[in-house]
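Quantities reported herein were computed from a predicted structural model and do not represent experimental measurements.
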Amino acid sequence: MPFIVLKLLFVPLISVFIIVSSVYLDYQSSIPMMLLLATLLYLSVVFDRKYEWLRNVQFLFLGAFHYVSQLNWCILLYYIFIINLIHKKENFRDSMSLCFLMILQYSVIRLTYLPLTKYHILVSVFDTLASFVIVISFHFVNFLDSEKKKLYKQNDYLTYHDPLTGLLNYDGYLHKVQHLIKLNKPFQLVLLDINNFKSLNAKDISTANEILISFSRALRKLFLNDMLAASRYAGDRFAILLPEHVNIESSMFNFEHIGVQVTYSITCYPHEALTYQEMLSTAEDRIFQMRRNSWMRSQEEILRTEKMKMVGELAAGMAHEIRNPLTSIKGFIQLSKNQSYNIQPWYEVIMGEITRVGELTAEFLHFSKPHASNMKVESLTDCMTRVYSLCESEAASHGHLFTLDLSDDPIHIVMDRDKIIQVLINLIRNSFQAMEHTGTVRISLEAVEALAVVRVEDTGKGIADENLAKIFDPFYTTKEEGTGLGLSLCQKIVEDHGGRITVQSELGKGTTFTLRIPLA
């Protein structure tokens with residue numbers, strides 16, 4: 001029970017008991033005066049919270065009541081008012097000085113209606129000492145209770161607040177939402193997610209913490225006068241509770257000055273959700289969709305950037321490859337013009353360079369075509385058989401052993417037949433060229449789960465590990481007359497068919513190209 005209730009209950013009861021006892025013992029000098037002083041004393045107790053100046057005169061009313069009643073039992077009222085002083089004042093010195101004055105007042109008034117004998121004087125001294133012991137003991141208990149309250153307050157703060165930013169944590173956020181819904185008070189729940197926080201956290205934890213602190217300060221400043229509550233939860237997630245009337249615009253959430261971008265969602269209670277669970281579910285679903293859309297936009301931007309980078313690399317490589325033969329042709333023409341030189345002996349060389357430019361341009365045009373166009377379900381088994389018949393004579397002319405290994409069951413895929421034949425012939429001819437001496441080239445086809453798996457294996461010289469990562473790059477080649485677009489074109493065609501191409505190689509033992517394309 002609060003002390004104020006005890007005070008309001010016991011002061012009138014003790015006062016009435018003292019008045020009745022004083023009348024019964026015939027100690028009173030004036031009954032109306034006792035009633036008046038008791039009333040004033042009680043009124044000062046009732047209104048001292050509203051009018052603080054009454055606390056400074058309460059001891060006067062008490063002293064007058066004590067003097068008129070002439071009963072030592074008034075010490076109970078003194079104790080109540082002393083406890084009230086200690087309860088109101090946390091400073092020990094301030095409370096002890098006032099308590100001393102009240103005890104002194106009690107002892108002086110007591111001696112006014114008792115004879116000044118040694119016994120009464122010693123009793124007054126004892127009462128004073130006892131009062132001091134009681135006051136000090138109660139002050140100590142009050143101090144322990146105050147420290148206990150501080151610990152509870154600190155524990156409550158740690159339970160519901162984030163120690164880094166000082167905002168509410170997830171439990172505090174849930175508690176606040178539940179409280180507002182319980183009050184049926186309309187509000188807006190704004191969820192914010194820092195888009196690039198993971199990359200910032202990976203760079204430097206201290207930097208990421210500073211950003212979280214700066215971000216929380218920015219939120220406080222942004223909604224200084226309107227914010228019902230703010231929370232940080234799940235690392236980079238923030239929640240803000242705002243009154244219904246606050247107008248929110250996207251321009252408000254510009255935090256470029258602290259180096260972050262945010263995705264946010266807004267959910268209104270009770271217009272969009274009626275219960276606590278529905279409110280949280282709707283808000284989380286919306287922020288998830290916003291994050292997903294933001295991620296897709298960023299991925300599209302990254303893809304667009306990579307495409308532009310690839311176009312630049314292709315253009316640079318194309319320019320380099322064409323410039324070399326054109327430089328040779330230009331040199332012959334300038335030599336013929338300036339010195340009337342007959343270039344007929346170099347006619348074949350010039351025509352070869354022109355042919356090389358034409359072939360390079362043709363391959364580049366094939367490479368730049370967006371997708372395979374003539375797509376339909378066809379038998380990859382028949383396609384492999386066709387490729388084998390086209391390359392069999394070439395293998396025999398070089399003395400290579402060329403084998404075909406097919407699955408017993410026919411395998412069908414959605415494909416542009418001519419494009420797939422182009423890929424396989426290109427890989428097989430690369431295998432022939434990779435073998436300086438007679439060797440073996442094996443092509444195989446099998447179905448593995450939902451994929452058609454084609455392998456082109458040779459026993460050639462192999463590819464060094466440092467070159468394996470480059471072989472699909474446009475214009476990369478180790479051949480003197482190669483354009484460097486063959487394998488890049490193969491990779492593009494396979495990817496247009498929804499598949500992928502990989503390579504494994506070991507120097508001196510051979511190379512295996514593997515194509516994996518979804519079955520029809």
Side-chain angles (χ1 to χ4, degrees), residues 296 299-300 303-304 306-307 310-311 314 359 361-396 400-434 440-458 468 471-474 483-505 510-520:
M296 290 180 66
Q299 291 300 308
E300 289 175 359
L303 183 60
R304 190 180 301 110
E306 290 179 349
K307 285 182 178 179
M310 182 179 291
V311 169
L314 284 173
E359 291 175 351
T361 305
E363 287 200 24
F364 185 77
L365 290 174
H366 280 294
F367 185 82
S368 63
K369 287 183 180 179
H371 296 287
S373 56
N374 189 24
M375 302 287 285
K376 57 185 177 179
V377 177
E378 293 201 46
S379 171
L380 186 55
T381 305
D382 295 342
C383 184
M384 294 279 289
T385 304
R386 173 66 175 165
V387 169
Y388 179 79
S389 64
L390 290 174
C391 298
E392 187 177 16
S393 59
E394 185 177 350
H400 301 313
L401 177 61
F402 185 39
T403 62
L404 173 64
D405 185 6
L406 297 176
S407 173
D408 294 335
D409 299 323
I411 296 175
H412 293 80
I413 64 171
V414 178
M415 65 175 173
D416 184 330
R417 181 183 176 89
D418 293 337
K419 295 290 185 183
I420 294 298
I421 288 175
Q422 179 184 352
V423 170
L424 294 174
I425 290 177
N426 197 337
L427 294 177
I428 291 168
R429 285 178 177 169
N430 282 348
S431 295
F432 292 161
Q433 295 170 9
T440 301
V441 175
R442 176 179 175 268
I443 59 174
S444 62
L445 171 64
E446 63 177 333
V448 179
E449 296 181 352
L451 297 173
V453 180
V454 180
R455 291 185 176 85
V456 179
E457 306 171 60
D458 65 60
L468 276 177
I471 61 173
F472 293 110
D473 293 345
T483 63
L485 288 174
L487 288 177
S488 298
L489 183 58
C490 291
Q491 184 185 49
K492 183 177 184 301
I493 291 172
V494 173
E495 289 177 352
D496 288 343
H497 284 74
R500 62 189 182 96
I501 180 171
T502 58
V503 59
Q504 291 179 321
S505 185
T511 302
T512 300
F513 283 89
T514 304
L515 284 67
R516 293 177 175 86
I517 303 174
L519 294 171

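- Between the side chains of Ser444 and Asp405, no donor-acceptor pair of N or O atoms lies under 3.5 Å.
- Across every non-hydrogen atom of Ile413 and Pro518, the tightest pair is CG2-O, 3.5 Å.
- Put simply, OG on Ser407 and CE on Met384 are 11.0 Å apart, with the number rounded to the nearest 0.5 Å.
- Shown here for Leu404 and Thr385, the closest heavy-atom pair between the two residues is CD2-CA, 4.2 Å.
- Side-chain atoms of His497 come within 3.5 Å of backbone atoms of Asp416 as a donor-acceptor pair (strictly under, hydrogens ignored).
- Side-chain contact between Phe432 and His400: present, with at least one pair of heavy atoms (C-beta onward) separated by less than 4.5 Å.
- Side-chain atoms of Asp458 never come within 3.5 Å of backbone atoms of Gly510 as a donor-acceptor pair (strictly under, hydrogens ignored).
- Between Arg455 and Glu446 the shortest side-chain heavy-atom distance falls below 4.5 Å.
- Side chain of Thr512 to main chain of Glu457: no donor-acceptor pair is present (N/O by atom type, distance under 3.5 Å, no hydrogens or angles).
- Two residues are said to be in side-chain contact when any heavy atoms from C-beta on lie closer than 4.5 Å; Leu424 and Ile443 fail this criterion.
- No side-chain heavy atom of Ile517 sits less than 4.5 Å from a side-chain heavy atom of Leu451.
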**OP:** I would like to know whether Val441 and Thr403 meet side chain to side chain contact (heavy atoms under 4.5 Å, CB included); could you show each step before the answer?
**Re:** CA-CA 6 Å; Val441 175; Thr403 62; over 6 Å; no
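- Note on Arg429 versus Glu394: salt bridge recorded, some NZ/NE/NH1/NH2 to OD/OE distance being below 4.0 Å.
- In this structure, Phe513 CZ and Cys490 SG are separated by 8.5 Å, a value rounded to the nearest 0.5 Å.
- Within the model, atoms SG of Cys391 and CD1 of Ile428 stand 4.5 Å from one another, a figure rounded to the nearest 0.5 Å.
- From Asp409, atom CG reaches atom OG1 of Thr381 across 8.5 Å, with rounding to the nearest 0.5 Å.
- Salt-bridge formation is detected for the pair Asp496/Lys492: a Lys NZ or Arg NE/NH1/NH2 atom is positioned less than 4.0 Å from an Asp or Glu carboxylate oxygen.
- Side-chain contact check for Thr502 versus Arg516: some heavy-atom pair is nearer than 4.5 Å.
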Original post:
Is there a side chain to side chain contact (heavy atoms under 4.5 Å, CB included) between Val503 and Leu487 once you walk through the steps?
Top reply: CA-CA 11 Å; Val503 59; Leu487 288 177; over 6 Å; no
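- In this structure, Tyr388 contributes its side chain and Phe402 its backbone to a donor-acceptor pair below 3.5 Å.
- A 6.0 Å sphere centred on CZ of Arg386 holds no more than 12 heavy atoms belonging to other residues, nucleotides or ligands.
- Annotation: side chain of Leu380 is in contact with side chain of Ile420 (closest heavy-atom distance under 4.5 Å).
- The side-chain heavy atoms of Thr514 and Val453, taken from C-beta on, include a pair separated by under 4.5 Å.
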Original post:
Does the pair Met415 and Cys383 meet the rule for a side chain to side chain contact (heavy atoms under 4.5 Å, CB included), with working shown?
Top reply: CA-CA 10 Å; Met415 65 175 173; Cys383 184; 4.0 Å; yes
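- A heavy-atom distance below 4.5 Å is found between the side chains of Leu445 and Ile411.
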